[in-house]
Amino acid sequence: MDSRTKRRLSPAQLDEITRDALGCGVTSSEELTDGFANAVWRLGLDDGREVVLKLGPPPDLRLLAYERHLLRTEAMVYHLAQPVGLPMPDLLKASFDDPLLGGDYLILSALDGAPWNRTSLSPAEESALRFELGRHLARLHAIPGTGVFGYPYAGLTGRTWREAFLVMIGALLDDAVYYNTPLPATIVEIVGLVHMNVHVLDQVTAPSLVHFDMWPGNVFLDGDKRVQALIDHERAFWGDPLADFVTPTIFGELREDDPMIAGYRQEGGPLTLDRAARVRIALYRVYLYLIMLVEDGPRQYPEESYAPTRDITTRSLVACLDMLRAGHREGGQRQPAPHARV
């Protein structure tokens, strides 16, 4: 997907970066275009290695509030998750406010596997992979936080998960107003439904590291069709582990018989899908679908590529808002909705 957030570098600039960072020159380069925000290249080096260069958006480009310092968030995940054995590339270099580029970049070891969404799998192989992913998510969520919820590098945090989530979704709705994003409900309606149901977030009392972008395109498989690496950690935040089951079931629902849940529980991850948990999941789906709609503002995707995504995302957002409306009625909560912060 082409995006205004993706920067362009010449072969000379790519060579200069790798020589400065790794002491090696570039012998080959290929831009990887699957991502949505950062510019990414696979580079062959003159010492025989292959690496991936991930370059953040132009520093003067206005992004969504949660997207501030995306690559710093991703570097944090590598530093925290690699020591506990989670499968991921090696972080070879992280440079922030780099003088050569005026921005942030990461250099990672290249993978020789293939993304899950580009691999042909039998139903049995698909089930085994979902079980394995559930185990990896449980290990990720076991990484202890420091007591702060939200996005520390973006400045969107709270002392409780309820407080942080309201800050996060409030900032996103501010972005929707700024970019004049067409939404299927008014800002006041969305804020009202969130506040009517947000009490369920008080069940989350300790922050867990949440990837929040664990769709099959971010899971690489090896030749045996097992998980080789989890990638693209820039959307990570400290919050509710349950939020990480949203992207693997995007535009669908999380079912009790999903092998991902069995793998998660086998690895010791606590997970109960009661009514309150379903409401929490609906809140996180609303947040994700809002991101997917509002991010077109700064990125300006080509209309012919983005229109199908916009359509299914809008329909899914409507369904989740209806679920929150129904959940409020069933729960009997009578909390007044505060004014929207926009």
Side-chain angles (χ1 to χ4, degrees), residues 1-61 67 69-79 81-82 86-121 211 213-235 299-302 305:
M1 179 79 78
D2 195 18
S3 167
R4 193 164 61 119
T5 60
K6 293 185 177 182
R7 302 166 68 181
R8 297 291 177 257
L9 295 182
S10 68
Q13 288 174 306
L14 293 172
D15 188 79
E16 185 177 10
I17 290 170
T18 58
R19 288 188 185 280
D20 180 71
L22 303 176
C24 301
V26 173
T27 58
S28 65
S29 66
E30 175 192 5
E31 185 172 4
L32 306 179
T33 58
D34 286 348
F36 290 82
N38 302 292
V40 182
W41 291 267
R42 186 183 183 104
L43 305 175
L45 304 182
D46 57 20
D47 65 355
R49 287 182 293 172
E50 290 201 342
V51 300
V52 170
L53 169 65
K54 196 167 187 177
L55 177 63
D60 57 347
L61 179 65
E67 293 180 310
H69 303 312
L70 280 174
L71 294 187
R72 302 182 192 195
T73 296
E74 180 156 12
M76 174 194 74
V77 175
Y78 279 107
H79 289 309
Q82 282 181 320
L86 278 169
M88 53 182 55
D90 294 326
L91 177 60
L92 305 176
K93 175 71 175 183
S95 181
F96 307 130
D97 294 324
D98 185 76
L100 293 176
L101 299 172
D104 299 346
Y105 72 80
L106 305 180
I107 298 180
L108 309 162
S109 60
L111 300 171
D112 58 6
W116 184 341
N117 64 327
R118 294 190 175 184
T119 304
S120 178
L121 300 169
H211 186 281
D213 201 13
M214 200 64 77
W215 71 291
N218 285 338
V219 180
F220 268 63
L221 309 183
D222 61 21
D224 296 324
K225 298 183 180 180
R226 301 292 302 274
V227 175
Q228 181 185 58
L230 312 176
I231 67 168
D232 285 359
H233 313 286
E234 65 260 30
R235 192 180 277 170
R299 300 184 186 184
Q300 296 184 2
Y301 297 129
S305 302

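Keep in mind that this is a model prediction, so the values were computed, not measured. Side-chain atoms are counted along with the backbone in the values below, which use heavy atoms only and exclude waters and symmetry mates. Position 1 is the first residue of the sequence; numbering continues from there.
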Which atoms form the tightest heavy-atom contact between [X] and [Y], and what is the distance?
{"X": "Lys54", "Y": "Val40", "result": "CG-CG2, 4.0 Å"}
{"X": "Tyr105", "Y": "Leu71", "result": "CA-CD1, 3.8 Å"}
{"X": "Glu50", "Y": "Gly44", "result": "CG-CA, 4.4 Å"}
{"X": "Gly217", "Y": "Ile231", "result": "O-CD1, 4.2 Å"}
{"X": "Gln228", "Y": "Gly113", "result": "OE1-N, 3.1 Å"}
{"X": "Ala75", "Y": "Ala94", "result": "CB-CB, 4.3 Å"}

Could you state the interatomic distance from [atom1] ([X]) to [atom2] ([Y]), rounded to the nearest 0.5 Å?
{"X": "His79", "Y": "Leu91", "atom1": "NE2", "atom2": "CG", "value": "5.5 Å"}
{"X": "Met88", "Y": "Phe220", "atom1": "CE", "atom2": "CZ", "value": "13.5 Å"}
{"X": "Arg235", "Y": "Glu74", "atom1": "CZ", "atom2": "CD", "value": "12.0 Å"}
{"X": "Glu31", "Y": "Leu9", "atom1": "CD", "atom2": "CG", "value": "9.0 Å"}
{"X": "Thr18", "Y": "Leu53", "atom1": "OG1", "atom2": "CG", "value": "8.5 Å"}

Under the side-chain hydrogen bond (donor to acceptor under 3.5 Å, both in side chains) test, which residues partner Ser95, sequence neighbours left out?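 Listed in chain order: Asp98.
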By side-chain hydrogen bond (donor to acceptor under 3.5 Å, both in side chains) - contacts of Glu30 (at least two apart):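 Per chain and number, Glu30 pairs via side-chain hydrogen bond (donor to acceptor under 3.5 Å, both in side chains) with no residue.
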Side chains of Asn38 and Leu55: does their closest heavy-atom pair fall under 4.5 Å?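 No - every pair of side-chain heavy atoms lies 4.5 Å or more apart.
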Which residues pass the side-chain contact (heavy atoms from CB on, under 4.5 Å) test with [X], sequence neighbours left out?
{"X": "Thr27", "result": "Asp46"}
{"X": "Pro216", "result": "Trp116, Asn117"}
{"X": "Arg49", "result": "Leu22, Cys24, Leu45, Asp47, Leu92"}
{"X": "Asp97", "result": "Arg72, Asp104"}

Under 3.5 Å donor-acceptor, Asn218 side chain and Asp213 backbone: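 Such a contact is found between Asn218 side chain and Asp213 backbone.
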Short question: side chain of Gln82, backbone of Pro89 - any donor-acceptor pair under 3.5 Å?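 Confirmed, Gln82 side chain pairs with Pro89 backbone.
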Pairs where residues 105-115 contributes a residue and the test salt bridge (charged side-chain N to carboxylate O under 4.0 Å, His left out) is met, not counting sequence neighbours: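 Counting only pairs at least two positions apart or across chains, no salt bridge (charged side-chain N to carboxylate O under 4.0 Å, His left out) contact touches residues 105-115.
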Would you tabulate the side-chain donor-acceptor contacts of residues 10-17 under 3.5 Å, counting partners in other chains and residues two or more places apart, or write 'none'?
unit_1	atom_1	unit_2	atom_2	d
Ser10	OG	Gln13	N	3.2
Ser10	OG	Gln13	OE1	3.4
Gln13	OE1	Ser10	N	2.8
Asp15	OD1	Val26	N	2.8
Asp15	OD2	Arg19	NE	2.7

Can you name the residues that form a salt bridge (charged side-chain N to carboxylate O under 4.0 Å, His left out) with Lys225, not counting sequence neighbours?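 Lys225 satisfies salt bridge (charged side-chain N to carboxylate O under 4.0 Å, His left out) with Glu125 only.
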With sequence neighbours left out, write down each residue that passes ring-ring contact (aromatic ring centres under 6.0 Å, His included) with His233, or none if nothing qualifies.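 With neighbours one apart ignored, the set is Tyr78, His211.
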